Number of protein chains: 2
Amino acid sequence: MTLRDIFAVNLRRYRYLQGFSQEELAHRAGIDRTYISALERRVYAASIDVIERLANELSVDPKELLSRQKNTSKK
Amino acid sequence: MTLRDIFAVNLRRYRYLQGFSQEELAHRAGIDRTYISALERRVYAASIDVIERLANELSVDPKELLSRQKNTSKK
DNA sequence: GTGTGACTGATAGTCCGTC
DNA sequence: GGACGGACTATCAGTCACA
């Protein structure tokens with residue numbers, strides 16, 4: 001599990017928590033919708049600048065997007 | 001203060017803590033020496049992949065490299 | 001509402017050297 | 001040991017059309 005994977009999962013997780021669609025988050029962060037899609041599918045290694053912008057829109061600390069999440073629904 | 005700045009400061013901080021020169025860290029992480037120099041001078045926005053590799057070599061959690069540090073020598 | 005391929009411009013990242 | 005520049009390649013950043 002790479003950091004890129006963790007970021008992808010967290011991006012989607014926090015996006016859902018905020019109730020945003022990819023489209024809505026993209027609009028708010030000034031980023032293209034398909035690029036958000038690509039990040040969530042682990043296509044790219046996002047730069048620290050993009051991470052910061054997304055974290056701001058998701059109202060979380062950038063570190064949170066790189067933190068392994070506890071299983072809320074552990075087997 | 002952007003995330004890029006915070007990363008730059010922490011990179012240098014943890015590198016010193018490990019007693020590595022830029023050259024040595026670069027060699028260990030398989031990254032170019034001049035690129036480490038550039039990151040510490042805030043020239044580039046590192047990708048999440050590079051952050052991960054550097055964190056590994058510095059024996060710290062990637063999150064630590066993005067965390068604002070407490071002032072150990074506050075005026 | 002999202003995934004994907006194709007495309008272009010910008011920048012990340014390498015390798016050379018000098019100070 | 002590190003800053004800095006130039007030239008180069010790889011990859012990211014950003015957009016579009018279509019399923």
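Keep in mind the model is a prediction, meaning the values are calculated, not measured. Values reported hereafter were calculated over all heavy atoms of this structure, with side chains retained and with hydrogens, waters and symmetry mates removed. Below, chain A is the first sequence line, B the second, and so on; all start at residue 1.
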Which part of the nucleic acid does B:Arg42 contact within heavy-atom distance under 4.0 Å: base, sugar-phosphate only, or nothing? nothing
note: A:Leu25, atom CG; D:dG14, atom P; distance rounded to Å ~ 13 Å
Provide the closest heavy-atom pair for B:Gln18 versus B:Leu58 in the form atom of the first, atom of the second, distance. NE2-O, 3.2 Å
So, for A:Arg53 and A:Ala29, which heavy atoms are closest and what is the spacing to 0.1 Å? NH2-O, 3.5 Å
Take the protein atom CD1 of B:Ile51 and the nucleotide atom C1' of D:dC12, then report the distance between them rounded to whole Å. 14 Å
Nearest to the B:Tyr35 side chain among C:dG13, D:dG14, D:dC12, which nucleotide is it? C:dG13
Heavy atoms under 4.0 Å is the rule here; annotate nucleotides 2-11 of chain C 5' to 3' with B where the base is hit, S where only the sugar-phosphate is, and - elsewhere. BBB-------
Got a donor-acceptor contact below 3.5 angstrom from the A:Gln22 side chain to the A:Ile36 backbone? no
In whole angstroms, how far is the C1' atom of D:dT11 from the CG atom of A:Asp49? 15 Å
Looking for any heavy atom pair under 4.0 Å, which part of the strands does A:Gly30 touch: base, sugar-phosphate only, or nothing? nothing
Checking B:Asp5 side chain against B:Thr2 main chain: does a donor-acceptor pair fall under 3.5 Å? yes
Applying a 4.0 Å non-hydrogen cut-off, can you work out what A:Arg53 is touching in the nucleic acid: base, sugar-phosphate, or nothing? sugar-phosphate
Distance, rounded to the nearest Å, where B:Ile31 contributes CD1 and D:dT11 contributes P: 14 Å
Heavy atoms of B:Glu40 and B:Ala8 approach each other most closely as O-CB, 3.8 Å
Find the distance B:Phe7:CZ to C:dG13:C1' and express it as a whole number of Å. 13 Å
Say whether, by atom type as modelled, one donor and one acceptor occur between the side chain of A:Asp49 and the main chain of B:Arg4 under 3.5 angstrom. no
Under 3.5 Å: donor-acceptor pair, side chain of B:Arg15, backbone of B:Phe20: yes
Checking base pairs now: Watson-Crick or wobble, both atom distances under 3.5 Å. What partners D:dG1? none
Just how far, in rounded Å, is P of D:dC12 from CG of A:Leu54? 15 Å
Give the rounded distance in Å between these two atoms: CG of A:Asp32 and C1' of C:dG1. 14 Å
